[in-house]
Number of protein chains: 2
Amino acid sequence: MVRKTKQRQAILTVIQNAAKPLSAREIYNMVKVQHPSIALTTIYRNLDLLTEQQVVSKLRVRDNEYSYILNAKEHRHYLVCLSCHKTVSVKKCPFDVFAAKVAADTGYEIVAHDFQLYGYCRNCR
Amino acid sequence: MVRKTKQRQAILTVIQNAAKPLSAREIYNMVKVQHPSIALTTIYRNLDLLTEQQVVSKLRVRDNEYSYILNAKEHRHYLVCLSCHKTVSVKKCPFDVFAAKVAADTGYEIVAHDFQLYGYCRNCR
DNA sequence: CAGAAAATGCAAGTCACTTGCATTTATTAT
DNA sequence: ATAATAAATGCAAGTGACTTGCATTTTCTG
């Protein structure tokens, strides 16, 4: 049973209002303005929960560096600028078709995929 | 100037003889048999170097969990069993065609991508 | 409104990886 | 070969993200 807590709502509000994907630390700092006593633990626990519930996506910005973004209605992938971290989403996931073929070839049941693009945005080029 | 050291060669040998991708810790444990005094630091430094040189690929098994695999001649992607970690490679990278379109749509210069499939192998299903 | 379960905050812990630095070792120029 | 020098190593300590245990607080349900 998942309860509606002030902390959880504050975290979600921050993510909803963000112009870009935020790291756990950034979310922590922003939520702290309204909830000075909130613990980092709470941020992590809620981000895990929200990710499980598919409310947000945990996005890998680079090795061991993740940020969170509100989920679009449909499955999305992201293109992250290596310089300024500006992120845009890619409309269509090209892999659903591909996945079926790989499954047939390998005998694996494919249940998930990661796909992430990296580059430089117009400004940073 | 990159030198040929015993440690570096031992690390590479371990990776070459491995039947599956190995984590830094696994490599450390295996190299230690021949080089008991080797430091974990050395493993990490060499894995970074070998990755830069594109001798090996750093493969993300899951969040914050990486393993290393000898590079094939060509660009590859991998399909990892979530249960037993058995890994197979996917022959063709489906992304090259897709990339040009995304670049045109977004104005980004795309320099890298991650693509990883997850599932269950025949045995684990 | 009471009781039970869920969530929080705090402190301490873990784990992978990094850094600084003195020492060793591989290459090179002699 | 040998000495000079630059790279690589090993060790110890540090970092940073995230986790865990536990007592306390809060939400929800009956």
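Below, read A as the first sequence line, B as the second, and so on, with proteins coming before strands; counting in each chain starts at 1.
Atom OH of A/Y44 is separated from atom P of D/dG16 by 12 Å (rounded to the nearest Å). Atom CD in B/E65 sits roughly 13 Å away from atom P in D/dT19 (whole-Å rounding). One atom, CD of A/Q7, and another, C1' of D/dT26, lie 9 Å apart when rounded to the nearest Å. The distance between atom CG of B/L47 and atom C1' of D/dA8, rounded to the nearest whole Å, is 15 Å. The interatomic distance linking B/L40 (CG) with D/dA12 (P) rounds to 14 Å, in whole Å. Rounded to a whole Å, the CD1 atom of A/I43 is 17 Å from the C1' atom of D/dG16. Rounded to whole Å, the distance from CG on B/N64 to P on C/dC17 is 8 Å. Rounded to a whole Å, the CG atom of A/D48 is 17 Å from the P atom of C/dA6.
In terms of heavy-atom proximity, A/V55 sits nearest to A/L12 at CG1-CD1, 3.8 Å. Of all heavy-atom pairs spanning A/L70 and A/I15, the tightest one is N-CG2, 3.7 Å. Looking at every heavy atom in both residues, A/I43 comes nearest to A/A24 through CG2-O, 3.7 Å. Of all heavy-atom pairs between A/E26 and A/P21, the closest is OE1-O, 4.0 Å.
No more than 12 heavy atoms of other residues, nucleotides or ligands sit less than 6.0 Å from atom CD of A/Q54.
Nucleic acid contact class of B/I38 (heavy atoms, under 4.0 Å, all strands): sugar-phosphate only.
For A/R8, the listed nucleotide lying nearest its side chain is C/dT8; candidates were C/dC10, C/dT8, C/dA16. Here the side chain of B/R45 is nearest to one of C/dG9, C/dT19, C/dT18, namely C/dT19.
Listed for the A/T51 side chain is a donor-acceptor partner under 3.5 Å among the backbone atoms of A/L47. Formation of a donor-acceptor pair under 3.5 Å by the A/T106 side chain with backbone atoms of A/Y108 is found in this model.
Under 4.0 angstrom from either OP1 or OP2 of D/dG10 there lies at least one side-chain N or O belonging to B/S37. Considering only side-chain N and O atoms, B/T42 lies under 4.0 angstrom from the phosphate OP1 or OP2 of D/dG10.
Inter-axis angle, ends of the helix from C/dC1-D/dG30 to C/dT30-D/dA1, five pairs per end, rounded to 10 degrees: 40°.
Taken from CG in A/D48 to OH in A/Y68, the straight-line distance is 6.0 Å, to the nearest 0.5 Å. From A/H35, atom NE2 reaches atom OG1 of A/T5 across 8.5 Å, with rounding to the nearest 0.5 Å.
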*Letter per nucleotide, 5' to 3', of nucleotides 24-30 of chain C [B base touched, S only sugar-phosphate touched, - untouched; heavy atoms, 4.0 Å]*: -BBS---
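Using a cutoff of 4.0 Å between basic side-chain nitrogens and carboxylate oxygens, A/K58 and A/E52 are not scored as salt-bridged. In this structure, B/R25 does not pair ionically with B/E65, as no charged nitrogen and carboxylate oxygen lie closer than 4.0 Å.
Residues from residues 25-36 of chain A lying near DNA chain C, meaning a heavy-atom separation below 4.0 Å, are absent.
Remark: of the listed residues B/Q9, B/R8, B/Q7, B/R8 is the sole one forming a side chain to side chain donor-acceptor pair (under 3.5 Å) with B/N46.
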